[in-house]
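Quick notes on the structure that follows.
Because the structure is a prediction, the values reported are computed rather than measured.
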Amino acid sequence: MGKRFIEIMDSTLRDGEQTNGVSFVPHEKLMIARMLLSQLHVDRIEVASARVSEGEKDAVRMVCRYAKQIGRLDSVEVLGFVDGHASVDWLCDCGCRTMNLLAKGSLKHCTMQLGKTPDEHINDIKAVLRYAAERGITVNLYLEDWSSGMNDSPDYVFQLMDALRESHVRRFMLPDTLGIMNPLQAVEYFRKMVKRYPDAHFDFHAHNDYDLAVSNSLAAVLSGAKGLHVTVNGLGERCGNAPLSSVQVILKDHFDAETSINEEKLMDASRMVESYSGITIAHNQPIIGDNVFTQVAGVHADGDQKGGLYHNALVPERFGRRREYAMGKTSGRANIAKNLQELGLELTPEQTRKVTQRITELGDRKEVVTQDDLPYIVSDVLKHGVSEEKVKLVSYQVSLAYGLKPLANVKVEINGRQYEGHSSGDGQYDAFVKALRLIYKKYLDRVFPLLQNYAVTIPPGGRTDALVQTVITWQMPAGKLLRTRGLDADQTEAAIKATIKMLNIIEEQK
């Protein structure tokens, strides 16, 4: 027996847009639709609700025009309503050929929301189906609130299905509209539907109110569902829908099912939707989160070097990504050595010790460093290295208060003797430097170099906010320029480190 094929319908542009605060303009809908159809290879996309606005109509026209150009017009679907001719005509005006008709899947929705009897509602549905057939529109049927219907009024659900099973409905789409189901209920309800209507094509549409959207989707597949509805990044009303990325990998890895999805484009689709929607993805979101292929613990890096002991089927290359070994206080030498090896950096044991110590200091401050940051840490630790620190910062305190100039109290050790200075300045770092100048003039009778240029950057390629790089250019008494850099999570601290490096270089030269 071959693998089961599961059809994937993405509703990011319709149900996903019902996320609080999310609204896609027409060109954004087109760009997302292009990604879903041409790169991700989703089987179907639900792009809008009929009769919403002229802007929505423009978006559907654009998407349908593009889909027709690439031979995928039948993959574009629009939510329509039991409203006589109105929704069907709206779709036809847009050039769309498939309507997802929203009917009531529970007795309470039928009687309380519509104020109609089941027979009246069924007759209204049949009237829309007849008109859609006349206009050449394919119809899939949503049974809205189906999960409540199966729980509270299964006879109504069966009455609806019995009346429509011989109609021209292409797919019956069964939503857990309120997100109330659990996997055991999904199995029970789906098996009843499949047993009673074995020839019907059933889709399942999950909501995530109990964090069970993915589990319920897989339970539905296990029980006979032929299609699943998802959204990119799990967007959707309230707690959202089943995330496409999670559904895809579980179908493939745990059910040995086949889909059309190109997994290498999951990350690209996620980032596009994240950008257009403004809804940020959690760093630990499975498959698409920033951290899911990042190891921090040193024991994991050590195990990976000894036969991939901490790998599973979710290898990053499968999704167009790569495994990273982030560095923090728990990294250990194995983790840092792994990163250095991948970058082609060869350090002596003593140099590695210094780099490890520097990363541990950052880790103690709850900062995580990635491989992108590592070359800058190595440069910071090793560049302008001196055999012995003759100038050491013993302590400093800078204060900032509204309406007052910043103050700095600084204590340094120079060639074994400690000196203390106090000053104010135009900023925290300026106050610190003026305190140092005071020490050098008052106690050492020496000229302090002039600060000629001060630049603050985030290291190129760094994806974290752990590091700030400060590069300071100094003019020495003889006119020579000296450039030193400091790297830290705090801008002022980075500048102070660059300054202490400069003073040590001067002492080394003396």
Within this structure, what is the [atom1]-[atom2] distance for the pair [X] and [Y], rounded to the nearest 0.5 Å?
X: L503; Y: R446; atom1: CG; atom2: CZ; value: 8.5 Å
X: T499; Y: N504; atom1: OG1; atom2: CG; value: 11.5 Å
X: L235; Y: N208; atom1: CG; atom2: CG; value: 12.0 Å
X: M272; Y: M31; atom1: CE; atom2: CE; value: 7.5 Å
X: T492; Y: I496; atom1: OG1; atom2: CD1; value: 6.5 Å
X: K392; Y: I414; atom1: NZ; atom2: CD1; value: 12.5 Å

*Does H283 NE2 have over 12 foreign heavy atoms under 6.0 Å away?*
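Atom NE2 in H283 is not crowded, with 12 or fewer foreign heavy atoms closer than 6.0 Å.
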
For [X] and [Y], does a side-chain donor sit closer than 3.5 Å to a side-chain acceptor?
X: S49; Y: E56; result: no
X: Y66; Y: S38; result: yes
X: N415; Y: E507; result: yes
X: T177; Y: Y142; result: no
X: E46; Y: N100; result: yes
X: H207; Y: D176; result: no
X: Y396; Y: Q428; result: no

Counting only N and O atoms by type, is there a donor-acceptor contact under 3.5 Å from the side chain of [X] to the main-chain atoms of [Y]?
X: R65; Y: V60; answer: no
X: K29; Y: V47; answer: yes
X: K501; Y: G486; answer: no
X: T19; Y: G236; answer: yes
X: S11; Y: D15; answer: yes
X: E493; Y: D490; answer: no
X: R4; Y: V221; answer: yes

Between [Y] and [X], is there a salt bridge with N-O shorter than 4.0 Å?
X: D203; Y: R44; result: yes
X: E264; Y: R318; result: no
X: R353; Y: E350; result: yes
X: R271; Y: D268; result: no

*Mind running side-chain contact (heavy atoms from CB on, under 4.5 Å) on E17 and L13 for me, showing each step along the way?*
CA-CA 6 Å; E17 197 179 29; L13 298 176; over 6 Å; no

Can you see which heavy atom on [X] is nearest to which on [Y], and at what distance?
X: S423; Y: A435; value: CB-N, 3.6 Å
X: V214; Y: P243; value: CG2-CD, 3.6 Å
X: L407; Y: A431; value: C-CB, 4.1 Å
X: A186; Y: S223; value: O-OG, 4.5 Å
X: A67; Y: L37; value: CB-CD1, 4.2 Å
X: R72; Y: D43; value: NH2-O, 3.1 Å

*Hey, mind stepping through T280 and E274 against side-chain hydrogen bond (donor to acceptor under 3.5 Å, both in side chains) and telling me if it holds?*
CA-CA 6 Å; T280 304; E274 182 180 41; 4.7 Å; no

_If the test is side-chain contact (heavy atoms from CB on, under 4.5 Å), which one of K480, R483, M502, Q452 qualifies with W474?_
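It is M502, the one option of K480, R483, M502, Q452 that forms the side-chain contact (heavy atoms from CB on, under 4.5 Å) with W474.
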
*Check the pair K434, D430 against salt bridge (Lys or Arg N to Asp or Glu O under 4.0 Å), reporting the backbone distance first and the verdict last.*
CA-CA 6 Å; K434 285 182 176 177; D430 185 54; 3.4 Å; yes

*If the plane angle is over 60° it's perpendicular, under 30° parallel, otherwise tilted; pick one for H229 and H205.*
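Aromatic pair H229/H205 classed perpendicular.
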
Less than 4.5 Å apart, side chain to side chain, heavy atoms only: is that true for [X] and [Y]?
X: V468; Y: L487; result: no
X: Y210; Y: N182; result: no
X: T473; Y: L482; result: no
X: V410; Y: L393; result: yes
X: E77; Y: R14; result: no

*Going through the checks in order, is the side-chain contact (heavy atoms from CB on, under 4.5 Å) test met by V230 and I8?*
CA-CA 7 Å; V230 298; I8 301 295; 3.7 Å; yes

*Could you please spell out the steps behind the side-chain contact (heavy atoms from CB on, under 4.5 Å) verdict for I472 and N453?*
CA-CA 6 Å; I472 303 179; N453 193 33; over 6 Å; no

*Dump the intermediate steps for side-chain contact (heavy atoms from CB on, under 4.5 Å) on I32 and V273, then the final yes or no.*
CA-CA 7 Å; I32 294 172; V273 172; 4.2 Å; yes

*Decide if the gap between the ring center of F24 and the ring center of Y276 is smaller than 6.0 angstrom.*
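That pair fails the under 6.0 Å test.
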
*asked:* Could you check, using the six-membered ring where one of them is a Trp, whether Y440 and Y419 have ring centers closer than 6.0 angstrom?
replied: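 No: the rings miss the under 6.0 Å criterion.
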
*With side-chain hydrogen bond (donor to acceptor under 3.5 Å, both in side chains) as the test, would you mind laying out the steps for N262 and H41 before giving the verdict?*
CA-CA 6 Å; N262 176 10; H41 300 162; 4.9 Å; no

